[in-house]
Each structure stands twice: as C-alpha cells, then as structure tokens.
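The structure appears below as structure tokens.
Each chain gets a letter, A, B and so on, in the order the sequences are listed, and its residues count up from 1.
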Amino acid sequence: MSFKEQVISQIKQIPQGKVATYGQIAALAGSPRAALMVGRILHSSSESEQLPWQRVINSKGRVSIVNLSYPAELQAQILREEGVVVEKRMDSYYIDLNRFLWRI
DNA sequence: AAGGTGACTAACA
DNA sequence: ATGTTAGCCACCT
C-alpha cells in the first residue's frame, strides 16, 4: 500500500465534525514529515476520490485551500454544516484546533 | 533514473 | 508578533 493510499484511507476516516492537520495525516500514514505530500495528494485526488478535503487544514488551524479548485468560503460552509466552528479573519478561515482536531 | 515540486512545518531574524 | 528560510519526502515527468 503506497503512502498515497494510506493518506487517502486516513483522510476518509476523519469523523464528521472534526478536522485533521496535514502533519497529522502524514504521521498516520507513516511519514511524519511528508505533510506537503498530503496536500499534494489531496490536490490531485480529491476530485477522483470522494475525499473530505475540507476537513484537512494546516497546523495553525487555518484553511489552506484559498484560491484553488474550490473557494475557502465553500470549505468553511461545509465545515459549519458539520458542526465545526469556523472563524473568519480577513481573507482566511480559522478553526479552533483544541476543540475540533481529530484525535485517535 | 534524476530532478523539480508542493493545499506543509518549525525554526529563526 | 509577522516575515523569511531551510528542511522534508513521496509523487510526477
């Protein structure tokens, strides 16, 4: 099973109403420092697979999606529907990791 | 096969 | 406290 597949499988396991960081997912997939890869994998496979990409954020609790395939606005909206509190500051969206970070 | 790259992170200035 | 720099490592070409 490739790192990529492990990442995808882990992301699929993030429960609704929770979020995870790239670093965390990378660690779960077996390579704690391949956080960048996680983002890359998401970017490339989020459309083909049905991944909750909106639940994956960076270490500061900030949405990294900003101006790519989807507007950060959409991510924030989806998360709020799941019960996650998303704070909007300037142009970015922040999430309270202490409350919503997914823990195993 | 080798090198460039990225939806990152943590450490510094 | 914000901005920059340098590691990072598996994927893609």
Side-chain angles (χ1 to χ4, degrees):
Chain A
M1 196 171 196
S2 70
F3 174 78
K4 175 180 175 182
E5 293 171 310
Q6 302 211 43
V7 167
I8 291 175
S9 117
Q10 284 298 337
I11 290 175
K12 282 182 175 169
Q13 290 175 51
I14 302 174
Q16 190 177 53
K18 296 280 183 176
V19 296
T21 67
Y22 293 96
Q24 181 181 11
I25 296 297
L28 291 174
S31 301
R33 328 224 159 161
L36 198 43
M37 268 323 286
V38 175
R40 189 184 230 230
I41 291 168
L42 253 57
H43 185 58
S44 63
S45 353
S46 63
E47 306 214 9
S48 48
E49 308 272 341
Q50 289 190 346
L51 298 176
W53 52 268
Q54 67 279 15
R55 294 181 193 147
V56 183
I57 60 185
N58 67 21
S59 66
K60 308 258 169 37
R62 188 161 79 74
V63 171
S64 314
I65 313 299
V66 202
N67 319 340
L68 296 170
S69 336
Y70 303 92
E73 216 175 274
L74 173 63
Q75 178 176 23
Q77 184 186 324
I78 296 173
L79 286 172
R80 278 194 282 253
E81 285 174 4
E82 294 182 346
V84 177
V85 175
V86 182
E87 293 178 55
K88 179 177 184 176
R89 275 188 197 171
M90 317 288 276
D91 296 341
S92 307
Y93 292 85
Y94 290 82
I95 292 161
D96 182 353
L97 290 179
N98 290 314
R99 290 191 46 185
F100 301 106
L101 181 63
W102 175 44
R103 305 174 185 200
I104 313 174

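- Salt bridge annotation for A:E82-A:R55: present, with a cationic side-chain nitrogen under 4.0 angstrom from a carboxylate oxygen.
- Atom CG of A:L42 and atom P of C:dC12 are 13 Å apart (whole Å).
- For the pair A:H43 NE2 and B:dC8 P, the computed distance is 11 Å after rounding to whole Å.
- Residue A:S64 has its side chain nearest to B:dC8 when only C:dA10, B:dT9, B:dC8 are considered.
- Rounded to whole Å, atom P of C:dC11 lies 17 Å from atom OH of A:Y22.
- Nearest-nucleotide mapping onto DNA chain C: of A:M37 and A:R33, the residue sitting toward the 5' end is A:R33.
- When distances are taken from the side chain of A:K4 to each of C:dC11, B:dC8, C:dC9, the shortest belongs to C:dC11.
- Taking side-chain N and O atoms only, A:S31 has no distance below 4.0 Å to OP1 or OP2 of C:dC9.
- Across the protein-nucleic acid pair, A:K60 atom NZ and B:dA11 atom P stand 10 Å apart, rounded to whole Å.
- The CD atom of A:Q24 sits 12 Å away from the P atom of B:dA10 (whole-angstrom rounding).
- A:F3 comes within 4.0 angstrom of sugar-phosphate atoms only, judged by non-hydrogen atoms across all strands, and of no base.
- Toward the 5′ end of DNA chain C lies the nearest nucleotide of A:L36, the other residue of the pair A:S2 and A:L36 mapping further downstream.
- Rounded to a whole Å, the CD atom of A:E49 is 15 Å from the C1' atom of C:dC11.
- Atom CG of A:L42 is separated from atom CD1 of A:I11 by 4.0 Å, given to the nearest 0.5 angstrom.
- Regarding A:I25, its CD1 atom lies at a distance of 22 Å from the P atom of B:dG6, rounded to whole Å.
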Worked check of side chain to side chain donor-acceptor pair (under 3.5 Å) between A:E5 and A:S2: CA-CA 5 Å; A:E5 293 171 310; A:S2 70; 3.3 Å; yes
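- Below the 3.5 angstrom threshold, one finds a donor paired with an acceptor across the side chain of A:R40 and the base of C:dC11.
- In terms of modelled atom types and a separation under 3.5 Å, the side chain of A:E87 and the main chain of A:Y94 share no donor-acceptor contact.
- In this structure, A:S44 contributes its side chain and A:I41 its backbone to a donor-acceptor pair below 3.5 Å.
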